[in-house]
Amino acid sequence: MDEPGWPDRCILARPFSGLPRYIVFEARSHPLPSPEATLPHPDLPHARDLVAQAERVVALTGAGISAESGVPTFRDAGGLWRNHRPEELSTIGAFERDPRTVWEWYEWRRGFLATCEPNEGHRALARFFLRRGVDGIVTQNVDGLHTRAAAEEAGDGPPDAAFPIEIHGAIARDRCNDCGLRAEAEPLAAHDDTARGTGTGEAPPGGTLPRCAECGGLRRPDVVLFGEMLDGALLERAQTMAARADLCLVIGTSAVVYPAAGIPLATLHGGGRIIEVNPQATDLTRAAEVALRGAAGEVLPELLA
Ligand code: APR
């Protein structure tokens, strides 16, 4: 994978004793295989049996579950990291060097996410966990579509069981880069505060960017950037849930970004099984009991009905 400037690769030789909490990816030793979707899914009955028999189920989702909502993935053809340089847009170093560029990138993503809706995959997953009332969804996605699907599918009931653990954060929130205070996102244009400049007539670095109401620090989107630590409590909840699960549904992720990609392995180590839903094979496929090749929006309603 040609992504210069990334942190060192993380090899999960001992997945559960040394999972890194900072976000890294394992460079793949081989290119992504070509699509190999097969319909109808010959393994669907077996997969449905596994779902029916499982007492505890966890789902790990990635960008692929939102693809049918029109949200670009990262590493597929046409994916964000095929056309943009992540080291300039989505690392903590980039934010410290050039916060405006990072802000504009996330502002652009916020803009198109505002036009996207949850799809049948989000909805089927939300209904499934609402029905069960236990266990839940761990997502790498920051797009908020699981949360919206949960709220919409819950009707008058509490949507809690279908609310995801968002281990990479939520793009719809801001967070202070200094004190960590969270705040609702506001449009970049609403923060033209050059008035409190340096007195030299020049804006300070980041001077026109949103500032924390509490400490005056620079705000940033509340997402985990490459090179940053994940929230320890969230990661722990996700890993505990996965370790206790009989079944882990791995949906729409290339499974190359750690520590997220290690979460299904916690289920395996606990004696549980994996069902993968993805049009392509991944490094996790060989660990899966069943790999359903297809789009999440088509497969999940059949699998979880
Ligand atoms: N249904 C299911 N899977 C799909 C679909 C679909 N309709 N379309 C594409 N996919 C699959 C692709 O085959 C691929 O395996 O989704 C996966 C998307 O992989 P990535 O683009 O690498 O996304 P993801 O795994 O979520 O990336 C992890 O990388 O840049 C970071 O922080 C970002 O959370 C992200 C992390």
Side-chain angles (χ1 to χ4, degrees), residues 1 3 6-7 10 22-28 30-37 39 41 59-92 94 102 105-106 109 116 118-122 124-125 137-146 164-171 221-228 230 234-235 238 249-264 275-285 288 291-303:
M1 183 179 283
E3 288 177 322
W6 286 102
C10 166
Y22 48 90
I23 184 169
V24 293
F25 80 100
E26 180 182 13
R28 298 176 67 99
H30 50 85
L32 282 169
S34 55
E36 44 182 74
L39 286 168
H41 311 287
L60 172 71
T61 69
I65 194 166
S66 297
E68 290 149 272
S69 294
V71 182
T73 62
F74 294 96
R75 297 174 182 81
D76 293 311
L80 294 173
W81 296 157
R82 295 293 184 107
N83 301 303
H84 301 276
R85 292 167 62 82
E87 62 272 31
E88 287 169 9
L89 301 171
S90 199
T91 66
I92 184 61
V102 174
W105 163 251
Y106 280 97
R109 285 179 61 192
C116 298
N119 64 52
E120 286 311 308
H122 298 108
L125 212 52
I137 303 166
V138 179
T139 190
Q140 300 165 84
N141 300 345
V142 298
D143 57 28
L145 292 175
H146 283 301
I165 301 177
E166 295 172 313
I167 53 174
H168 291 174
I171 199 170
D222 189 12
V223 299
V224 182
L225 301 170
F226 280 100
E228 288 191 304
L230 272 67
L234 285 188
L235 185 59
L249 309 173
V250 182
I251 305 159
T253 178
S254 59
V256 293
V257 171
Y258 286 83
I263 286 173
I275 295 176
E276 183 178 63
V277 178
N278 196 314
Q280 303 192 48
T282 72
D283 285 352
L284 268 183
T285 303
L292 296 172
R293 299 267 156 263
E298 291 168 10
V299 174
L300 291 178
E302 290 184 57
L303 177 65

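Read the numbers this way: they start at 1 and go in the same order the structure lists the ligands and their atoms. What you see is a predicted model, and the numbers here were worked out from it, not measured in a lab. For the single chain, residues carry numbers from 1 onward in sequence order.
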For P279, atoms of ligand 1 separated by under 4.0 Å from a heavy atom: 2 (C), 3 (N), 4 (C), 5 (C), 10 (N)
For ligand 1, is there an N or O atom under 3.5 Å from any N or O atom of N141? no
Check step by step if side-chain contact (heavy atoms from CB on, under 4.5 Å) holds for I65 and L300. CA-CA 10 Å; I65 194 166; L300 291 178; 3.8 Å; yes
Proximal atoms of ligand 1 relative to E68 (non-hydrogen, under 4.0 Å): 1 (N), 6 (C), 7 (N)
Just heavy atoms, cut-off under 4.0 Å: does V257 contact ligand 1 by side chain, backbone, both, or neither? side chain
Give the atoms of ligand 1, by number and element, whose distance to some non-hydrogen atom of Q280 is under 4.0 Å. 13 (O)
Which of H122, H168, E166 passes side chain to side chain contact (heavy atoms under 4.5 Å, CB included) with T139? Answer is E166
I65 heavy atom under 4.0 Å from ligand 1: no
Tell me if a side-chain donor or acceptor on T91 pairs with a main-chain N or O of A94 at a distance below 3.5 Å. yes
Quick check against the 3.5 Å criterion: does N278 have a side-chain atom that pairs as donor or acceptor with the backbone of T253? yes
Under 4.0 Å from one or more heavy atoms of G62, ligand 1 contributes atoms 26 (O)
Counting heavy atoms only, which of A261, S254, S66 is nearest atom 20 (P) of ligand 1? S254
Please assess L303 against L249 for the test side-chain contact (heavy atoms from CB on, under 4.5 Å), listing each intermediate value before the final yes or no. CA-CA 10 Å; L303 177 65; L249 309 173; 4.3 Å; yes
May I ask you to decide if R75's main-chain N or O and R82's side chain share a donor-acceptor pair within less than 3.5 Å? yes
Is any side-chain heavy atom of T61 closer than 4.5 Å to a side-chain heavy atom of N141? yes
Which ligand 1 atoms, with their elements, are less than 4.0 angstrom from a heavy-atom of H168? 32 (O), 34 (O)
Contact (N/O only, under 3.5 Å) between V256 and ligand 1: no
Give the atoms of ligand 1, by number and element, whose distance to some non-hydrogen atom of A296 is under 4.0 Å. 1 (N), 2 (C), 6 (C), 7 (N)
Who gets closest to atom 15 (O) of ligand 1 by heavy atom: V224, N278, T61? N278
L89/L80 under side-chain contact (heavy atoms from CB on, under 4.5 Å): CA gap, chis, key distance, verdict: CA-CA 11 Å; L89 301 171; L80 294 173; over 6 Å; no
Could you list which atoms of ligand 1 come closer than 4.0 Å to a heavy atom of A295? 1 (N), 6 (C), 7 (N)
Can you list the atoms of ligand 1 that are under 4.0 Å from a heavy atom of F226? 30 (O), 31 (C)
